[in-house]
There are 2 protein chains.
Amino acid sequence: MARKQGSHAETTGPRIRDAALRLFAQHGYAAVSMRQIAREVGVQAGALYLYTPDKQTLLYDLMRAHLEHLLGHLQLPDAAPEAQLEAFCRHHIRYHIDRPELVFIAYMELRNLETGNFAAIEALRHQYEDRLQTILKAGQASGDFALADSKLATMAIIAMLTGVNTWYREGGRLSRADVEAIYWDMVRKAVTA
Amino acid sequence: MARKQGSHAETTGPRIRDAALRLFAQHGYAAVSMRQIAREVGVQAGALYLYTPDKQTLLYDLMRAHLEHLLGHLQLPDAAPEAQLEAFCRHHIRYHIDRPELVFIAYMELRNLETGNFAAIEALRHQYEDRLQTILKAGQASGDFALADSKLATMAIIAMLTGVNTWYREGGRLSRADVEAIYWDMVRKAVTA
DNA sequence: AGAGGATATGAACAGTCGTTCAATTCATCT
DNA sequence: AGATGAATTGAACGACTGTTCATATCCTCT
């Protein structure tokens with residue numbers, strides 16, 4: 001007994017990642033079984049292993065793709081620190097609003113990564129944080145920003161911006177442009193001299 | 001076969017909650033088995049059920065106790081909005097620094113609560129958020145604060161402050177008083193007119 | 001000394017877990 | 001038409017899951 005329909009090799013892979021993403025975000029990595037993912041895709045559990053070596057890699061690939069995409073799309077203008085910071089904030093919020101499930105997983109499931117995978121993801125995360133801290137330090141040096149501690153300010157800003165995903169829902173009271181503007185205003189005031 | 005030593009009724013209960021707290025925080029609720037918790041306490045799995053009706057209640061009780069404690073200890077001075085906001089921020093940071101594992105669980109394991117338990121926890125969380133939003137609205141009314149949106153500012157401030165637990169480690173570069181002061185400075189600037 | 005209750009054990013239950021693999025089906029190519 | 005190989009099934013593996021319960025032990029009270 002095998003396939004009931006034609007071949008689906010090109011679509012099954014992405015559909016597995018989509019289902020895993022959705023289910024991991026909803027119930028958590030540990031609470032989701034390979035059989036649940038398979039059912040969602042409309043396939044038997046064994047078939048998943050044609051597309052991923054194991055469950056752990058399924059999680060790791062989702063997280064790595066997310067962080068590489070986040071880093072790759074961060075384009076900062078060759079401008080003053082304040083303009084760079086604005087670009088960073090708007091990029092961060094926009095990206096997070098567009099991919100709530102990926103963002104959620106990348107933060108929540110860190111502890112379910114095996115040692116080597118965890119280190120790789122953490123390295124990417126630090127790269128991203130460093131981009132922000134570099135901006136803040138430049139602003140300190142130029143006198144544009146007044147910060148007691150650039151590392152702490154980095155973490156505070158990222159936490160604040162990422163928090164948008166705890167409440168923002170598409171079609172709500174505020175548009176994405178509103179949200180960007182309001183958050184940027186608070187960040188600007190918090191760091192400005 | 002049964003107990004090897006004397007009775008431990010008064011200590012076993014708390015030790016189970018401690019072990020559950022630590023293990024849930026480290027590996028996640030779904031990834032921790034009752035047998036792991038029992039092993040940590042030095043007891044067989046069956047004995048856990050003398051102290052909790054089931055695993056779910058173990059989680060729920062931890063989260064409820066945490067939020068009730070957080071709310072119960074929030075004493076705001078009868079003063080101007082800025083002084084109230086400072087008290088709120090310092091309380092929040094202090095509380096979070098002191099109980100990183102409880103805070104972590106209360107946020108991360110929301111999705112593992114059954115419907116009724118989830119609603120109860122969410123109600124407590126909203127109560128806490130409302131305390132902050134009330135301060136912010138008062139500041140808006142008095143002209144002390146300049147906020148585009150008090151609800152959004154509430155969420156932004158809480159996210160920023162809670163983020164302290166992603167990086168703060170006891171005995172690190174900054175003292176708890178330093179951290180409180182730096183965060184409060186950023187919040188004050190972000191909301192001030 | 002003996003009874004009674006609180007505390008704990010350890011085996012058992014039925015179910016689920018991630019993963020493997022021989023067998024099977026289908027599309028494509030010759 | 002027949003062969004090839006990719007795609008998939010479904011059964012099976014041993015291990016582990018939360019929970020229950022008869023049984024056993026120890027402390028306390030009489």
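All values below were derived from every heavy atom in this structure, side-chain atoms included, with hydrogens, water molecules and symmetry-related copies excluded. Proteins come first, then strands; the chains are lettered A, B, ... in the order of their sequence lines, and each starts at number 1.
Between B/R39 atom CZ and C/dG10 atom P there is a gap of 14 Å when expressed in whole angstrom units. Taking atom NZ on B/K55 and atom P on D/dG18, their separation rounds to 4 Å, with Å as the unit. Atom OH of B/Y29 and atom P of D/dT17 are 13 Å apart (whole Å). In this structure, CD of B/Q36 is placed 11 Å from C1' of D/dT17, rounded to the nearest angstrom. We find that CG of B/L50 is positioned 8 Å from P of C/dT7, with the value rounded to whole Å. Between A/Y51 atom OH and D/dT8 atom P there is a gap of 4 Å when expressed in whole angstrom units. A/I37 has its CD1 atom 13 Å from the C1' atom of C/dT19, to the nearest Å. Atom CD1 in A/I16 sits roughly 11 Å away from atom P in D/dA7 (whole-Å rounding).
Contact check, B/Q44 against C/dG10: a side-chain N or O comes under 4.0 Å of OP1 or OP2. The shortest distance between the side-chain N/O atoms of A/S33 and the OP1/OP2 oxygens of C/dC17 is below 4.0 Å. For the pair A/T12 and D/dT8, the criterion of a side-chain N or O lying under 4.0 Å from OP1 or OP2 is met.
Closest to the side chain of B/M34, out of C/dG18, C/dA8, D/dT19, is D/dT19.
B/N165 places a side-chain N or O within donor-acceptor distance of the main-chain N or O of B/H96, the cut-off being under 3.5 Å.
Using a 4.5 Å cut-off on side-chain heavy atoms (C-beta onward), B/T57 and B/N117 make no contact.
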Can you check nucleotides 13-15 of chain C for protein contacts, nitrogen or oxygen pairs under 3.5 Å, and list what you find?
none

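A ring-centre distance under 6.0 Å is found for B/H66 and B/Y95. Aromatic pair A/Y128/A/F88: ring centres closer than 6.0 Å.
Rounding to the nearest 0.5 Å gives a distance of 10.0 Å between NZ of A/K189 and OG1 of A/T192.
Sequence order on DNA chain C of the closest nucleotides to B/G46 and A/Y49 puts B/G46 first from the 5' end.
Ion pairing of B/E40 with B/R15 is absent here, as no side-chain N (NZ or NE/NH1/NH2) approaches a carboxylate O to less than 4.0 Å.
Across all non-hydrogen atoms, the minimal contact from A/L76 to A/Q84 is CD2-O, 3.8 Å.
Residue B/V32 is in sugar-phosphate contact alone, with no base atom involved, counting any heavy-atom pair closer than 4.0 Å across all strands shown.
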